[in-house]
Amino acid sequence: MNPTELERRALSAVSAAATSDELERARVEYLGRKSELKLALRQVRDRETGMTLNALRERLERAIAEREAELERAELDRRLAEERVDVTMPGEPVPRGHLHLITQIRREVEDIFLGLGYTVVDGREVETTHYNFDALNFPPGHPSRSPLMTLFLDEETVLRTETSPSQIRTMEAQEPPVYMVSLGRVYRRDTPDATHTPIFHQVEGLAVDEGITLGDLLGTLDYLLKALFGEDRSTDFRIHHFPFTEPSVEAYVSCHLCDGSGCTVCRHSGWIEVGGSGMVDPNLFDVVGYDKERYTGFAFGWGLERIAVLRHGIPDLRELWRNDPRLLEQF
Ligand code: DAH
């Protein structure tokens, strides 16, 4: 074996190796157990040959290690170039959802009243006829008590037809002063059409304190109407009747479509009703044990879908339940 010639061959094989596999093959060939060099080393008899061959082995090992490092660096460079992320490229668009219009209005109304110092209380969707009717002063033969209008779960249990039972529950739970709103779903046996859905949402409000007057009611509702519909909408209040208020008042805003001149949406009146209200009937104070000589109060109950329709000109209430993104995305 000629060490010089072997070294030349080995070094050129090492530098020719373009991958770590090829390099490993060269290592096995020139430094493996059956390589010429290893066989020769095993047969060494004199010191000088031993030193020559060992020095050769070390040089080859070093050359292989260096080539290995080179290949690794080249591989790393290649991957860095290939896998580079261009952070200036626009990202993949991720469509974002948002709250349903009714939820937005619900939170907006809650915020308006929280700002006025009211508390927000939860009501119950399943109510007893006591809270839904009796305690609210509904007379025995009132049409709302009919199973044709109200969804009964059994003789004494209904899906609440309005959020007003929350008034009774709140007053039973605390002493005056009371300033609360309660928002949620209500249920009625209505056939769906453009202006009715059997489930909808209401906001109930109740204020009970010493010296509360009709003026406080009208001022509060006027503030609410302007906050919801803008300063330039006209508001109007008309006498009405509800079992649990005396006197009772209905709030109106000028029609968004015709701005008061009369169209089909407002049935040619120029006005659209937003909801009921009134001064709390003292009979309710008897039910909950409040001193009706000392306290007065006002209450109101408005539909959130109604507010959405009035504000955005949605022509059909059922649209709010269809969940067509083409409609919902607009709000
Ligand atoms: N509960 C009534 C309804 O659903 C709305 C209402 C009217 C609520 C007058 C009130 C009120 O609190 O004072 O039609």
Side-chain angles (χ1 to χ4, degrees), residues 106 109 113 118-121 123-125 127-139 142-146 149-151 158-172 178-190 195-209 212-222 224-225 235-253 272-285 287-288 290 292 295-307 309-310 317:
R106 176 180 182 156
V109 171
F113 281 98
Y118 284 57
T119 51
V120 177
V121 310
R124 308 181 182 197
E125 293 186 21
E127 266 298 3
T128 62
T129 49
H130 171 74
Y131 284 99
N132 200 81
F133 298 123
D134 304 334
L136 288 166
N137 209 28
F138 278 77
H142 195 282
S144 296
R145 293 182 180 260
S146 159
M149 296 187 72
T150 296
L151 290 148
V158 296
L159 292 180
R160 67 176 176 186
T161 57
E162 53 193 354
T163 43
S164 304
S166 66
Q167 291 185 32
I168 305 297
R169 291 194 178 273
T170 303
M171 290 193 285
E172 279 180 348
V178 175
Y179 292 88
M180 75 87 182
V181 286
S182 184
L183 297 85
R185 289 182 171 195
V186 301
Y187 302 81
R188 290 186 194 172
R189 252 188 110 167
D190 282 332
T195 55
H196 296 86
T197 53
I199 310 176
F200 58 102
H201 298 77
Q202 286 186 333
V203 46
E204 192 77 18
L206 175 69
V208 180
D209 208 337
I212 296 259
T213 66
L214 188 62
D216 296 320
L217 170 63
L218 300 184
T220 305
L221 295 185
D222 190 62
L224 177 61
L225 287 171
T235 59
D236 193 20
F237 300 98
R238 302 184 196 165
I239 289 299
H240 198 77
H241 173 77
F242 296 103
F244 34 88
T245 44
E246 183 58 38
S248 303
V249 175
E250 267 200 324
Y252 287 77
V253 282
I272 297 180
E273 175 217 320
V274 203
S277 64
M279 298 304 288
V280 178
D281 191 306
N283 286 346
L284 271 61
F285 291 158
V287 171
V288 300
Y290 279 9
K292 62 186 177 196
Y295 297 108
T296 51
F298 69 71
F300 60 92
W302 289 5
L304 300 189
E305 280 79 2
R306 191 43 81 80
I307 292 170
V309 165
L310 289 178
L317 271 187

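Just follow the structure's listing: the first ligand is 1, and inside any ligand the first atom is 1. Just so it is clear, the model here is predicted, and its values are computed rather than measured. Residues take their numbers from the sequence shown, with the count starting at 1.
- Within the 4.0 Å heavy-atom shell around ligand 1 one finds Arg188.
- Aromatic rings of Phe237 and Phe298 (six-membered ring for Trp) have centroids beyond the 6.0 Å cut-off, not under it.
- For ligand 1, the atoms lying closer than 4.0 Å to a non-hydrogen atom of Ser164 are 1 (N), 8 (C).
- Side-chain contact, Ser164 with Glu204: a donor N or O sits under 3.5 Å from an acceptor N or O.
- We find the CG-OH distance between Leu284 and Tyr290 to be 11.0 Å, quoted to the nearest 0.5 Å.
- Against a heavy-atom cut-off of under 4.0 Å, Phe242 is close to the following atoms of ligand 1: 7 (C), 9 (C).
- The protein atom (non-hydrogen) at minimum distance from atom 9 (C) of ligand 1 is Ser277 N, 3.2 Å.
- Protein heavy atom at the shortest distance from atom 2 (C) of ligand 1 is Glu162 OE1, 3.5 Å.
- Considering backbone and side-chain atoms alike, Thr245 places every N or O at 3.5 Å or more from each N or O of ligand 1.
- In this structure, the separation between OH on Tyr118 and OG1 on Thr220 is 4.5 Å, given to the nearest 0.5 Å.
- Between Glu204 and ligand 1, a contact under 3.5 Å exists for at least one N or O pair.
- Contact between Pro243 and Asn137 at its shortest, heavy atoms only, is O-ND2, 2.9 Å.
- Short contacts between ligand 1 and Gln167, defined as distances under 4.0 Å to a heavy atom of the residue, involve ligand atoms 12 (O).
- Less than 4.0 angstrom separates some heavy atom of Phe300 from each of these atoms of ligand 1: 8 (C), 10 (C), 11 (C), 12 (O), 13 (O).
- Side-chain contact of Gln202 with Glu162: a donor-acceptor pair under 3.5 Å is absent, judged by distance alone.
- When the options Val253, Leu218, Leu221 are evaluated for a side chain to side chain contact (heavy atoms under 4.5 Å, CB included) with Thr235, the one that passes is Val253.
- The side-chain tip of Arg169 points at the ring of Tyr131 from less than 6.0 angstrom away and within 45° of straight on.
- Closest protein heavy atom to atom 8 (C) of ligand 1: Gly301 N, 3.2 Å.
- The closest approach between Trp302 and ligand 1 stays at or above 4.0 Å for every heavy atom of the residue.
- Counting atoms of ligand 1 from 1 in the listed order, those under 4.0 Å from a heavy atom of Gln202 are 3 (C), 4 (O).
- Distance CZ/Phe300 to OG1/Thr163: 9.0 Å, rounded to 0.5 Å.
- Inclusion of Ala299 in the set of residues having an N or O under 3.5 Å from an N or O of ligand 1 is warranted.
- Scanning the protein heavy atoms around atom 11 (C) of ligand 1, the nearest turns out to be Phe244 CE1, 3.4 Å.
- At a 4.0 Å cut-off, not a single heavy atom of Ser248 sits close enough to ligand 1 to count as contact.
- For ligand 1, the atoms lying closer than 4.0 Å to a non-hydrogen atom of Gly278 are 13 (O).
- Look at Asp134 and Arg145 and you find a salt bridge, because one of the NZ, NE, NH1 or NH2 atoms lies within 4.0 Å of a carboxylate O, short of that distance.
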